[in-house]
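Here's the structure we're looking at; comments come further down.
Here is the naming used below: chain letters follow the sequence lines, and residue numbers restart at 1 for every chain.
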2 protein chains.
Amino acid sequence: MWFVYTETPTVGMAAPVRASERAYRQLRGEILDGILTPGAGLLEIEQSARIGVSRTPLRAAIARLIADGLVAGRPGRGFMVTEMSVDSIRELYEVRRALEEHAARIAADRRDPAVFLALRDQFLAAPELLAQGTAGLHRYYDLIDEFDDAVGDAVANPFLVGALATVRTHLARIRRLARGNPDRLRSAATEHLLIIDAIIAGDTSLAAHATHVHLQQSLTNVLAAIQGQPTGPVA
Amino acid sequence: MWFVYTETPTVGMAAPVRASERAYRQLRGEILDGILTPGAGLLEIEQSARIGVSRTPLRAAIARLIADGLVAGRPGRGFMVTEMSVDSIRELYEVRRALEEHAARIAADRRDPAVFLALRDQFLAAPELLAQGTAGLHRYYDLIDEFDDAVGDAVANPFLVGALATVRTHLARIRRLARGNPDRLRSAATEHLLIIDAIIAGDTSLAAHATHVHLQQSLTNVLAAIQGQPTGPVA
DNA sequence: CGAGCATTCTATGTATACATAGGAGCTTCA
DNA sequence: TGAAGCTCCTATGTATACATAGAATGCTCG
């Protein structure tokens, strides 16, 4: 109606991004970035007006967010962003451990060595990357994403990849809390290297155990970071 | 996923079921029962007319089914019930193994012995149950559900329970294929007993390994059953 | 002054009308 | 006769109007 479909900045992309997709991505991003804080109420009318779509696609977006576990419906009180308690973080890591260990084990069995050899070189350069400020930090997180994707490609199991994606969605909310601890990130890079070496060597057991150690360290760090700043880390 | 929708399973209540909920349950049930076969196209108008709701709640239902992985959207050609190939069954069991082993391990650590002692008695009576025809068969499957619920209660982890629920949803579609093999079901009951004993004893390692064995046997049986009747088991 | 109740208001749940894209089938031309 | 283009048609995507339930609030009565 009042807005036209001419907002396709990328050349060649004739994809008329659906309104429900835009609303979903925006709300999801805002929840993950902490702009929409846990407990915040999501009113359909309010949000649809803010984002610039009607209620119908917004409802579709909220339905997807509920499926993601990022939003919960209250009995007669609309919707709200789900809380992330310390207990739920422990619970999340419990599942994450089961899935990532299994994934690492399988990846060590089915991997394409070349892919992980390339990743190995990049992780070796991680310490230098972390000395480059914010840009290097983002680059480092992208690198972790690449590693996760490589593992996902290696396991080649849509169910497992999907379950991991769900876990990582919630993880993204947690990661904000512990972000920017250089010492921890350097340690994490070392742990990732160990996992990668195990995968390259095809050592399924070592890959699983190295993943276990890494996740335990990660959880410890996250919990410590939360203790340091117990107040909600609202941006 | 774990929806917070108010369940009203109590008798006598008939009215306050939302149309989207009705549509979701009916479609989900029909997919799980094989009435809607894999590859079948779901047309909004057609289905909304059949079920007796308008397109809006039907779309909400389909959105939930997509989140469940039971329905997939085709590029420009509507929606369809997802396929269940032999490969996807193996993939499903791969994830299931990771989750159920972990759950069994945790359950053995946090369980309330009384609950599993009671389940033990019921599983001991399973062979007699299986000799009672269809009614006993249903009772047996209910018993397995009770066991699954008991494990879920013991782990007390919404993320893990949710992930398991997703896996079990797909499992329900597979179970039809191998349904009604008395020998296998008796063996399964024995395997469940072993797991239960391990949980009661608090033997986390044994619980995990017994679960592993059980799932491997289950997968073998399912794959054999599919080989036996390669054609689609449409009812 | 407090408790119970009715009212009102708000936000979701539902239905329907309209816009649009993508494909199937027909027509037409070489 | 075959292929290419066009048209129509169907099914989804979106917007909006209406119904309804639940909660907050204010009013009234004891």
Whole-Å distance between C/dT12 P and B/Glu21 CD? 18 Å

Should B/Glu21 and B/Arg64 be marked as a salt bridge (charged side-chain N to carboxylate O under 4.0 Å, His left out) after you check the CA-CA gap, both sets of side-chain angles, and the distance that decides it? CA-CA 10 Å; B/Glu21 185 70 20; B/Arg64 289 177 66 181; 2.8 Å; yes

When you check the phosphate oxygens OP1 and OP2 of C/dT14, does a side-chain N or O of B/Ser20 lie under 4.0 Å from one of them? yes

Any chance you could measure A/Gln47, atom CD, to A/Arg59, atom CZ, to the nearest 0.5 Å? 14.0 Å

Calculate the interatomic distance between A/Arg74 atom CZ and C/dT10 atom P; express it in whole Å. 17 Å

Nucleotide nearest A/Thr56 (side chain, heavy atoms from C-beta), chosen from D/dT12, C/dT14, D/dT16: D/dT16

Grab the CD-P distance between A/Gln47 and C/dT12 for me, whole Å please. 10 Å

Rounded to whole Å, how long is the line connecting atom CD1 of A/Ile51 with atom P of D/dA15? 12 Å

Separation of D/dA11 P from B/Leu58 CG (nearest whole Å): 13 Å

Could you walk me through whether A/Arg105 and B/Glu101 pass the salt bridge (charged side-chain N to carboxylate O under 4.0 Å, His left out) test, one step at a time? CA-CA 15 Å; A/Arg105 194 181 294 273; B/Glu101 279 186 40; over 6 Å; no

What's the closest nucleotide to the side chain of B/Glu44 if the choices are D/dT14, D/dG13, C/dG13? D/dG13

Rounded to whole Å, please give me the gap between CD1 in B/Ile45 and C1' in D/dT12. 8 Å

Checking B/Arg90 against B/Tyr93: charged group under 6.0 Å from the ring centre and within 45 degrees of the axis? no

Between atom CZ in B/Arg55 and atom C1' in D/dA11, what is the gap in whole Å? 7 Å

Touch class at under 4.0 angstrom, heavy-atom based, for B/Leu43 against every strand present: sugar-phosphate

Separation of atom CD in B/Glu46 from atom P in D/dA11, rounded to whole Å: 8 Å

Have a look at B/Leu42 and say if it touches a base, only the backbone sugar-phosphate, or nothing, with a 4.0 Å heavy-atom cut-off. sugar-phosphate

Can B/Arg168 and B/Glu100 be counted as an ion pair, charged N to O under 4.0 angstrom? yes

So which nucleotide from D/dT14, C/dT12, C/dA15 ends up closest to the side chain of B/Ser54? C/dA15

